[in-house]
Amino acid sequence: MTPETLPRPGPESTAGAAAPHATAPRYLAVQLGARRRYAVPAALAREGMLETLYTDACGNLGLGRLAACLPKALRGAALESLASRQIPAELLDKTVSFAWREMRGAALGSLTRDRDRRGRLRDAAAHGAGPAMIRRGVGRATHVYSMLGQVITFVEYARSRGLTVVSDFFIMPSGQAITIREARDYPMLAEPPPPDLAEARMGYVQRVADATDYAICPSERVADDLSETLGFPREKSFVVPFGVPESALAIENEPEPGRVLFAGTADVRKGIHYLAQAANVMKIAPSPLAFRVAGNVTERVRAYCHEIAPQMRFLGRLPYSAMLEEFRRADLFVLPTLCEGSAGAVYEALGAGLPVVTTAAAGSIVRDEFEGRIVPERDPHALAEAIAEIAADRDLRTRLASNAKNRAREFSWNRYAEHLASVLRGL
């Protein structure tokens, strides 16, 4: 889920503000897309550490404004996504958009349903931005902040110029290998990516690690995986958990007993097939539970799940207002994922006051037996037992729900920005 409310830069980040302390690092942020709604450059700007934001198309700057001016009927899904990206007004004077190749790739991508082809087009657009960024240079920056090495050619160039490279590893590096393994074990659900594409992506992530001085990770699980999978020094990784949207914290949960919610893309990486297997184990229970799945799903996955657990209801991708209503009425939240960075849907579930059953791979802030249950990955029986226990024991459910709400209040997006800025200033 995309956070709804994020910290905005304060007055000190606007034009005419006092210059930062001479010893403060000056960051050139490289971010393609609106991940976390530009929370990272916003946090840097608020602390007077943002030199420049290099980005791609957005709806309120440069060529991206052309997409925003087109009638919706002519945009297509990809251009509609570009039009919806909005750089915070306080960052516009520090932002440089490298949009042409990215807009071309988006337009072509909107014409195909082939996910691999769309991925190749996005990768080509990001690679094409490198020479333009290099020509633009690094200005007065002393550090580069990159989202998982986006535009790696520019990141490597900046490092060769003596800048310190900080990379945001927002997902486990082993995710590609985990997904491929699962697709091979369940060929009826998904096809692994072509070998050349899979190899290229793994090689890319290793290249990012090799070009990185310090890593920012949303969970201990990612930091550990970065060390184990790519050999990155564990002491150079810093964990900064994400935040809970205010919209989720505002939810007053009115649970319908036995209503189990899953939110996210219903695929093998998220462990939807293990939820179906758990539901199959539980369908003979005296009081069958209602399993609701909110998120994109393929027909192959839907057919598999319905065959073994016909009580699962697939809602498709919901508007955010409808998603909040699902959180409001749910009894508990389940995400048996195999690989994440730190799953945003779990933060939202906690904000709504829902007990959460998930895995360690979720990289969540859930503590076992405090806000929910942490079960082993790929274990439908343990998953079923945890769900059944919480749904049946109403006193336990009430205690976990109260703990979940309190835990969520500890993780605001303002606190995320403060924590991140403190770490980055120290580098």
Side-chain angles (χ1 to χ4, degrees), residues 244 248-249 251-264 266 270-295 297 304-315 318 323-338 340 343 345-362 364-409:
V244 178
L249 285 169
I251 294 173
E252 294 294 334
N253 183 233
E254 299 176 13
E256 296 182 12
R259 185 164 168 147
V260 180
L261 177 64
F262 171 105
K270 297 282 187 179
I272 187 63
H273 47 313
Y274 294 112
L275 179 58
Q277 292 169 29
N280 179 60
V281 170
M282 303 172 69
K283 67 183 178 183
I284 60 173
S287 299
L289 304 180
F291 291 86
R292 297 173 68 83
V293 178
V297 61
Y304 170 87
C305 293
H306 275 164
E307 181 177 354
I308 65 173
Q311 72 271 39
M312 292 181 71
R313 182 178 176 186
F314 288 87
L315 309 175
L318 298 176
M323 194 65 246
L324 293 178
E325 179 65 10
E326 288 295 324
F327 282 121
R328 186 183 71 82
R329 298 172 63 189
D331 198 26
L332 66 152
F333 182 82
V334 180
L335 186 69
T337 184
L338 308 181
E340 298 287 338
V346 173
Y347 287 86
E348 292 186 294
L350 292 174
L354 293 177
V356 173
V357 179
T358 189
T359 64
S364 74
I365 56 174
V366 175
R367 296 168 297 183
D368 189 35
E369 299 186 351
F370 283 88
E371 294 85 28
R373 293 298 310 277
I374 307 297
V375 299
E377 292 117 66
R378 303 182 179 88
D379 190 337
H381 291 280
L383 184 63
E385 289 174 5
I387 293 170
E389 179 186 23
I390 295 172
D393 188 336
R394 302 314 291 175
D395 289 338
L396 172 63
R397 193 268 171 202
T398 299
R399 176 173 60 82
L400 295 176
S402 177
N403 291 346
K405 196 75 167 182
N406 291 334
R407 180 68 163 167
R409 293 190 181 105

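In this text, all values refer to a predicted model and were calculated from it rather than measured experimentally. For reference, positions follow the sequence shown, starting with 1. Note that these values count all heavy atoms, side chains included, but never hydrogens, waters or copies made by symmetry.
Side-chain contact check for Glu348 versus Met323: every heavy-atom pair is 4.5 Å or farther apart. Counting only heavy atoms from C-beta outward, the side chains of Arg328 and Glu254 approach each other to under 4.5 Å. Proximity of Pro336 to Val375: side-chain heavy atoms (C-beta onward) are nowhere separated by under 4.5 Å. Looking at heavy atoms from C-beta onward, Ser364 lies out of side-chain contact with Glu340 at the 4.5 angstrom threshold. Between Cys305 and Phe314, some side-chain heavy-atom pair lies under the 4.5 Å cut-off. Met312 places none of its side-chain heavy atoms less than 4.5 Å from the side chain of Phe262.
Between Ala408 and Leu249 the shortest heavy-atom distance is CB-CD2, 3.8 Å.
Atom CG of Leu383 sits about 4.0 Å away from atom CD1 of Ile387, to the nearest 0.5 Å. For the atom pair Leu354 CG and Glu326 CD, the distance stands at 11.0 Å (nearest 0.5 Å). Here the straight-line distance linking atom CG of Asp331 with atom CZ of Arg397 works out to 4.5 Å at 0.5 Å rounding. In this structure, CD in Glu369 is found 7.5 Å from CD in Glu389, a value given to the nearest 0.5 Å. Rounding to the nearest 0.5 angstrom, the gap separating the CZ atom in Arg259 from the CG atom in Leu289 is 12.5 Å.
For the pair Glu377 (side chain) and Thr359 (backbone), a donor-acceptor distance under 3.5 Å is absent. Using a distance-only test at 3.5 Å, with no hydrogens or angles considered, no donor-acceptor pair links the side chain of Ser402 to the main chain of Thr398. Without hydrogens or angle criteria, Thr358 side chain to Leu335 main chain gives a donor-acceptor distance under 3.5 Å. The backbone N or O of Leu315 sits nowhere less than 3.5 Å from a side-chain atom of Arg292 that would complete a donor-acceptor pair.
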Item to check | Criterion side chain to side chain contact (heavy atoms under 4.5 Å, CB included) on Tyr304 and Gln277, from CA distance to verdict | outcome: CA-CA 10 Å; Tyr304 170 87; Gln277 292 169 29; 3.1 Å; yes
Next on the checklist: Quick one, Leu350 with Val244, criterion side chain to side chain contact (heavy atoms under 4.5 Å, CB included). Give me CA distance, side-chain angles, the key distance, then yes/no.
Outcome noted: CA-CA 8 Å; Leu350 292 174; Val244 178; 5.5 Å; no
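Summarising the local packing, CD of Glu325 is surrounded by more than 12 heavy atoms from other residues, nucleotides or ligands at distances under 6.0 Å. Under a cut-off of 6.0 angstrom, the local environment of CZ in Arg313 is sparse, with at most 12 non-hydrogen atoms contributed by other residues, nucleotides or ligands. The 12-atom threshold is not exceeded at NE2 of His381, counting heavy atoms of other residues, nucleotides or ligands nearer than 6.0 Å.
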